[in-house]
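Read the structure below first, then the notes.
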Amino acid sequence: MNRFGEEQDPLFRRINSSISFDWRLAEFDVEQSKAHARALAKLGVLDDAELGEVTEGLDRVAGELEGGRFEFADDDEDVHMAIERRLTELIGPLGGKLHTARSRNDQVATDLALLVRSHSARAIVLLETLLGTLVDLAERHRDWPAPAYTHLQRAQPVYLGHHLLAYFWMFQRDARRFFRAAEATMEMPAGSGALAGLNWDLDREAIAADLGFERPTSNSLDAVSNRDFALDYLSAASICAMHLSRLGAEIVLWSSQEFGFCQLPDSFASGSSIMPQKKNPDAAELLRGKAPRVAASLASLIGTMHALPLAYSKDLQEDKEPLFDAIDSLELCLAAAAGMLDGIGFNRDRLADAAADEMLAATDLADALVQEGVPFREAHGLVGGLVRSALESGKSLSELSGAELDGVPENARSSMSRALEAGRTIESKVSAGGTAASRVGEQLEQARASLTELTGAIPRDS
């Protein structure tokens with residue numbers, strides 16, 4: 001006997017079933033079930049012999065899952081029911097005792113928190129590798145002049161090491177976001193029941209400690225309906241994927257024949273089905289292309305959660321597929337980015353030629369005028385006129401004649417000439433965080449210290 005007098009329609013079973021994707025929670029569900037069994041034993045629901053039998057049965061289930069031998073049944077609605085069904089097959093009716101003092105509502109929220117914590121740690125480990133690769137690249141290219149851009153127009157020269165370190169700090173911030181996403185999982189939903197709590201006084205503090213949570217949740221309604229930790233992960237993943245897309249976009253540009261600044265390793269490029277000469281930067285393009293997919297996962301879960309009344313609704317089943325897809329996409333992209341950068345080659349001559357463009361020293365010319373007492377806005381206008389004269393005459397700035405320097409104070413002309421000397425523009429950027437060699441050296445030290453700190457903070461079982 002049960003509540004319903006009709007069998008479920010096959011269409012309803014299809015739309016209601018989540019086993020096709022929530023099987024990914026299986027290892028966490030087994031871990032949680034063992035902790036729950038220990039809590040039931042403390043309450044006297046299970047005696048010592050029954051606890052041992054349940055635990056042994058769950059170990060067998062875990063072994064089948066890990067070995068790929070677990071057989072999901074057609075009527076397994078979700079992973080929680082599948083595991084309970086298999087446990088009961090292995091140990092008999094005793095398996096049915098395991099669902100005492102629990103609901104699938106608090107069960108799935110706990111499983112999902114454990115999964116998010118695990119993959120937050122995994123993202124940090126992958127970022128650690130990528131950050132190490134970037135530091136090594138920056139060290140090897142710390143004194144290679146390169147053009148930097150605004151509006152994709154040459155703006156000022158920097159050292160290539162300085163440019164690469166810009167990505168280091170982007171991804172270092174991403175690692176901090178994943179730490180915060182992991183911290184958001186530290187309140188345990190288990191023991192909240194369907195929404196109102198339980199008739200059983202489970203030792204939730206003990207279960208929390210058992211599963212690696214810091215504390216149980218304070219409110220049962222919030223516990224079963226909360227997915228903020230998944231949103232925190234997806235937010236961190238979306239920003240990280242966006243940073244990867246910026247890196248990918250730049251590599252696509254730089255590896256083109258028009259730029260010729262870098263070349264990808266053959267192992268991270270592809271050819272054309274029709275044009276034999278082609279070497280396409282597909283890995284970099286996919287870093288760019290997958291970013292909106294990850295961001296869409298965040299938008300999807302926000303859409304699921306918005307206006308959702310307390311406490312649990314079946315809408316929350318839609319939390320998993322976007323989360324799982326974002327996890328897979330991001331972890332693949334992080335690993336691919338590190339591998340691609342590990343084998344990338346830069347063309348020092350092409351970079352240096354582009355960085356040697358005297359037009360990139362225009363700001364330095366204005367500063368030279370300021371040092372001789374000319375107000376900056378006036379200096380800016382004077383140098384703008386010199387740039388126009390040089391472009392119209394087809395000359396470089398240093399080739400302009402005395403007549404073409406008309407309007408520039410005589411006492412400032414020698415300062416302007418020195419500003420155009422090779423290498424002076426880069427080395428003049430002496431402010432903290434600038435591209436002068438001494439500042440790049442300081443930045444490399446800071447980056448390595450930051451990486452060491454990150455490495456020390458990662459749980460080693462991640």
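Residue numbers count from 1 along this sequence.
- The two residues Lys320 and Val108 have their closest heavy-atom pair at CE-CG2, 3.5 Å.
- Rounded to the nearest 0.5 angstrom, Trp23 CH2 and Leu65 CG are separated by 10.0 Å.
- Between Arg350 and Asp353, no side-chain nitrogen of the basic residue sits less than 4.0 Å from a carboxylate oxygen of the acidic one, so the salt-bridge criterion is not met.
- The number of heavy-atom neighbours closer than 6.0 Å to CG of Asp9, taken from other residues, nucleotides and ligands shown, is above 12.
- Note that the CG atom of Leu87 and the OG atom of Ser33 stand 8.0 Å from one another [nearest 0.5 Å].
- How far OH of Tyr312 is from CD of Gln317: 6.0 Å, rounded to the nearest 0.5 Å.
- Between the side chains of Arg439 and Gln443, no donor-acceptor pair is found at a separation under 3.5 Å.
- Remark: Arg104 engages Glu77 in a salt bridge, criterion side-chain N to carboxylate O under 4.0 Å.
- When all heavy atoms of Leu234 and Ser297 are compared, the closest pair comes out as CD1-O, 3.7 Å.
- A salt bridge is absent between Arg180 and Glu183; no separation between the charged side-chain nitrogens and carboxylate oxygens falls under 4.0 Å.
- A side-chain donor from one of Gln172 and Ser450 sits under 3.5 Å from a side-chain acceptor of the other.
- Without hydrogens or angle criteria, Ser329 side chain to Ala326 main chain gives no donor-acceptor distance under 3.5 Å.
- For Trp200 against Ala101, the heavy-atom pair with the smallest separation is CD1-CB, 3.7 Å.
- The line from CG of Asp228 to OG of Ser235 is 11.5 Å long, rounded to the nearest 0.5 Å.
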Quick one: do His36 and Gln107 satisfy side chain to side chain donor-acceptor pair (under 3.5 Å)? Show the steps, please.
CA-CA 10 Å; His36 185 68; Gln107 194 174 350; over 6 Å; no
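- Counting non-hydrogen atoms of neighbouring residues, nucleotides and ligands closer than 6.0 angstrom, the CD atom of Glu442 exceeds 12 such neighbours.
- Atom CG of Leu330 is separated from atom CG of Leu127 by 7.5 Å, given to the nearest 0.5 angstrom.
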Between Val135 and Arg448, does the side-chain contact (heavy atoms from CB on, under 4.5 Å) criterion hold? Intermediate values first, please.
CA-CA 7 Å; Val135 169; Arg448 290 202 179 278; 3.2 Å; yes
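- Salt-bridge check for Lys429 with Asp364: passed, with a basic side-chain N closer than 4.0 Å to an acidic carboxylate O.
- Taking the six-membered ring for Trp and thresholds of 30 and 60 degrees, His141 and Trp144 have ring planes more than 60 degrees apart, a perpendicular arrangement.
- In this structure, a donor-acceptor pair under 3.5 Å is present between the side chains of Arg204 and Thr217.
- Using a cut-off of 4.0 Å between Lys/Arg side-chain N and Asp/Glu carboxylate O, Asp75 and Arg13 are scored as not salt-bridged.
- A centroid separation of 6.0 Å or more is found between the aromatic rings of Tyr233 and His119.
- Under a cut-off of 6.0 angstrom, the local environment of CD in Glu56 is sparse, with at most 12 non-hydrogen atoms contributed by other residues, nucleotides or ligands.
- Note that CD of Glu187 is 10.5 Å distant from CG of Asn219, once rounded to the nearest 0.5 Å.
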